[in-house]
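Everything quoted here is computed from the prediction, not taken from an experiment. What you see below is based on every heavy atom in this structure, not just the backbone, and it leaves out hydrogens, waters and symmetry mates. Every chain is numbered from 1 and lettered A, B, ... according to where its sequence line falls, protein lines coming before strand lines.
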Number of protein chains: 2
Amino acid sequence: MLSLRHTVQTVERRSYLVREGEHPAESRIVLSGFVFRQKLTGAGAREIVSVHLPGEIVDLHNSFLTVADHSIQALTRAEVALVPRAELADVAARHIQVARALLVETLIDGSILKEWLLNAARRNSSARLAHLLCELAMRLRAAGLGELGRYRIPMTQEELADCLGLTQVHVSRLLSGFEKQGLIERAGRDIGISRWQPLVNLADFDPTYLHLFDAEAYPA
Amino acid sequence: MLSLRHTVQTVERRSYLVREGEHPAESRIVLSGFVFRQKLTGAGAREIVSVHLPGEIVDLHNSFLTVADHSIQALTRAEVALVPRAELADVAARHIQVARALLVETLIDGSILKEWLLNAARRNSSARLAHLLCELAMRLRAAGLGELGRYRIPMTQEELADCLGLTQVHVSRLLSGFEKQGLIERAGRDIGISRWQPLVNLADFDPTYLHLFDAEAYPA
DNA sequence: CGTTTAATTGAAAGCAGTCAAACTATGTGG
DNA sequence: CCACATAGTTTGACTGCTTTCAATTAAACG
């Protein structure tokens, strides 16, 4: 076990951790709660480009690039560790396994981005939403946050829509559709995937891209 | 200058370098020509998730992850260097600047993926196409392959469409639209951006996400 | 020069968006 | 603990961007 010099910060839902264009002096690791990265178009449309669970490093970018190319916001109230910019680089330079772990994390991050791009570009709205529900189910379980297919969706329909490039209205219709088809059950934001395999089929979901095995092989 | 054990391979247009699901024994660096990464949906729709110019490392993934989460194909006839799986890891372990360069390249890769995701999810078709034309213009110039805004598009309309999540038919209509509006000139696949600023405005293009400066700071 | 591959054009259909209003939760202060 | 305010969700009617299907033209290639 190795120690990183850091401070802990508690942030409220929707507060910004980093704004696009800034160059913060530290990188962040999620300790509890959920955090997401977003980008805006000039016209003001928002896209959530990734969601981060406890244990994940949200912004290596800030330690190794000069400009933040996206904003980071809290999806729920969250605790994050702030690691000084130089600290991560120093530790990585001294411990090659750390450097390797950072690279692996970043490659997995890229893999998920590719799947999200495929999703947004080439799957219809219901497959897209189903895909996200499946991904959240697997990642939450992998993070030790509940059993597979039974969880509280950590975001509003508007935020779901912004993960998917859809509108909130359409997400609402899709969710009630899934419910009517008996694919899911809902109580507020608590969701239960009633029939996993049919939902996986609808979603065209194959968890390979999550590289869950690779992630375990090199814990940070 | 440091040397990597490698072999050189020449590949024809459209041949596969890596197929999704494989676990090749080497990573690839583009020496000449263009190469792209693609993913397919279960229904067979294709999305090109990135395009790679000479000098770029296409698949660190294969050295550091256990399964290829996407396919790699030649966009044009190309020369690629094959670096054995262990070689990159060894060199990175011995030279921390190499490890850092690999990480920076991967972070930039992720930044471009985020922009493509924003593009596919939140911009309309004309902004999307214009955005790609601007990106190619800047990256080609940065790679020393011609002056800004005057180049040969290295792909067919179908491939353009697959970069954008559109159909070939629609890309055709959009391109002639741009031409009619005097934004671009065309002669076959040779393109000239006649009015850079209006195209940039239409595209909502801001090159920050390419991190061209960061890339220069750490040449591989 | 013939054959294959790529690009253009037109007409029609459909998925998801937009606008608007009603309804339901959630939360806060009196 | 209720009343009110705010935030989030549902539902309906209508619009429109992009796709689909199909046929033609142009370019590239051997």
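Contact between the side-chain N/O atoms of Q157(A) and the OP1/OP2 oxygens of dA7(D) is not found at any separation under 4.0 Å.
Distance L164(A) CG to dA16(C) C1': 13 Å, rounded to the nearest Å. The interatomic distance linking E158(B) (CD) with dT8(C) (P) rounds to 13 Å, in whole Å. In this entry the distance linking CG of L129(B) with P of dT19(D) reads 12 Å, nearest Å. Separating the CZ atom of R122(B) from the C1' atom of dT18(C) is a distance of 13 Å, rounded to the nearest angstrom. Distance, L174(A) CG to dG17(C) P: 9 Å, rounded to whole Å. The CG atom of D162(A) sits 17 Å away from the P atom of dA16(C) (whole-angstrom rounding). We find that CD of Q168(A) is positioned 8 Å from C1' of dT10(D), with the value rounded to whole Å. Between N119(A) atom CG and dA16(C) atom P there is a gap of 12 Å when expressed in whole angstrom units.
The aromatic ring centroids of H131(B) and Y209(B) lie less than 6.0 Å from each other.
If you check every strand for non-hydrogen atoms under 4.0 Å, L166(A) touches sugar and phosphate atoms only. Among the atoms of the strands shown, base atoms are found under 4.0 Å from some heavy atom of S172(B). S125(B) comes within 4.0 angstrom of the backbone, heavy atoms only, and of no base.
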Can you name the atoms? Protein N/O to nucleotides 20-23 of chain D N/O, anything below 3.5 Å, with the distance.
unit_1	atom_1	unit_2	atom_2	d
dT20(D)	O4	R173(B)	NH2	3.0

Please write out each protein N/O paired with an N/O of nucleotides 25-30 of chain D under 3.5 Å, distance rounded to 0.1 Å.
none

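The side chain of T156(A) lies closest to dG8(D), out of dT8(C), dG8(D), dT10(D).
Judged by closest nucleotide on DNA chain C, R13(B) is the one of R13(B) and S176(B) placed further toward the 5' end.
Between the side chains of S50(B) and H52(B), at least one donor N or O sits under 3.5 Å from an acceptor N or O. Side chains of T106(A) and T106(B): no donor on one and acceptor on the other come within 3.5 Å.
Ion pair R37(A)/D109(A) flagged as a salt bridge, since at least one NZ, NE, NH1 or NH2 atom sits closer than 4.0 Å to an Asp/Glu carboxylate oxygen. For E115(B) and K39(A), the salt-bridge test passes: some basic side-chain N is under 4.0 Å from an acidic carboxylate O.
Looking only at distances, a side-chain donor or acceptor of S176(A) sits under 3.5 Å from a matching main-chain atom of S172(A). Side-chain atoms of R150(B) never come within 3.5 Å of backbone atoms of D190(B) as a donor-acceptor pair (strictly under, hydrogens ignored). Looking at R28(A), its side chain does come within 3.5 Å of a backbone N or O of E26(A) through a donor-acceptor pair.
To the nearest 0.5 angstrom, F36(A) atom CZ is 5.5 Å from E159(A) atom CD.
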